[in-house]
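Below is one structure, written out as structure tokens; the observations come after it.
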Amino acid sequence: MHFTRVIKNFVIQGSKIENPEATEDWTSRGKHYSQLDTSLKHEAFMLGTSKAKHEGGGFDLFITTAPIPDLNDKINVFGRVIKGEDAVQEIEEVDTDDHYRPKTPVQINEVTLRHKT
């Protein structure tokens, strides 16, 4: 997944519009949006997905880089970065254009999801 927006001290956004099946993989292994853990807050290094539905499926992935409580109405937080905060901070430093799009491709190659027991 490529990151489409990198806004320093705010959020990193990636999109996967062409693969609607992936939404369930990223949101707690098939839990419907209404079943996601809503106790998670918008702190730094949180993972979330947009509450808005995309035409034709797909989803957005957000990684917060600072505490952002005003995202409560826009993003379902479903996890946190537990290893790799340094990689998130490196992504946050990439050069972007006036619309916060990275000037060179930045992407996620591998993610491991762990279920909290």
Side-chain angles (χ1 to χ4, degrees):
M1 175 190 333
H2 287 270
F3 289 104
T4 54
R5 301 274 186 281
V6 177
I7 306 171
K8 190 170 183 164
N9 298 316
F10 188 63
V11 70
I12 299 168
Q13 176 187 5
S15 296
K16 195 74 169 171
I17 304 304
E18 71 278 359
N19 187 3
E21 305 84 38
T23 305
E24 289 187 358
D25 293 339
W26 282 93
T27 54
S28 299
R29 298 184 188 168
K31 288 185 179 179
H32 188 270
Y33 288 111
S34 64
Q35 297 173 311
L36 294 177
D37 183 356
T38 57
S39 67
L40 297 173
K41 304 297 179 208
H42 293 91
E43 301 166 354
F45 304 110
M46 301 306 288
L47 299 171
T49 188
S50 175
K51 289 183 179 182
K53 301 288 185 203
H54 291 287
E55 296 272 333
F59 73 105
D60 293 315
L61 172 71
F62 295 91
I63 302 172
T64 59
T65 61
I68 311 169
D70 56 324
L71 290 179
N72 289 334
D73 294 335
K74 297 178 176 123
I75 295 176
N76 284 314
V77 173
F78 62 85
R80 74 176 64 239
V81 175
I82 57 172
K83 185 177 178 183
E85 292 95 344
D86 56 334
V88 172
Q89 291 170 331
E90 285 182 38
I91 293 168
E92 192 176 30
E93 296 298 324
V94 302
D95 286 334
T96 60
D97 65 15
D98 293 340
H99 300 283
Y100 305 104
R101 293 181 298 231
K103 291 181 178 180
T104 57
V106 180
Q107 66 187 36
I108 290 177
N109 293 322
E110 182 179 338
V111 173
T112 302
L113 297 175
R114 293 187 183 159
H115 181 66
K116 183 178 172 183
T117 55

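These numbers come from a predicted model, not from an experiment.
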I'd like to check Phe3 versus Val94 (side-chain heavy atoms, cut-off strictly below 4.5 Å). Are they in contact? no
Between Leu47 and Val81, which heavy-atom pair has the shortest distance, and what is it? CD2-CG2, 4.2 Å
Keeping Glu92 on the side-chain end and Ile12 on the backbone end, is there a donor-acceptor pair under 3.5 Å? no
Member of Val106, Ile7, Val6 meeting the side-chain contact (heavy atoms from CB on, under 4.5 Å) criterion with Thr96: Val6
Taking the side chain as C-beta and beyond, is there a heavy-atom pair between Gln89 and Phe45 under 4.5 Å? yes
Between CG on residue Leu61 and OG1 on residue Thr49, distance to nearest 0.5 Å: 7.0 Å
Count the heavy atoms of every other residue, nucleotide or ligand shown that sit under 6.0 Å from OH of Tyr100, and state whether that count exceeds 12. no
Quick one, Asp95 and Thr104 - any side-chain contact, counting heavy atoms below 4.5 Å? no
Could you pull out the closest heavy-atom pair between Pro102 and Arg5, with the gap in Å? CD-N, 4.3 Å
Can you name the residues that form a salt bridge (Lys or Arg N to Asp or Glu O under 4.0 Å) with Asp97, not counting sequence neighbours? Arg101
Nearest 0.5 Å please: distance from the OG1 atom of Thr64 over to the CZ atom of Arg80. 9.0 Å
So, Ser15 versus Asp60: side-chain donor-acceptor pair below 3.5 Å or not? yes
Has the side chain of Thr65 got a donor or acceptor atom that lies under 3.5 Å from a matching backbone atom of Phe10? yes
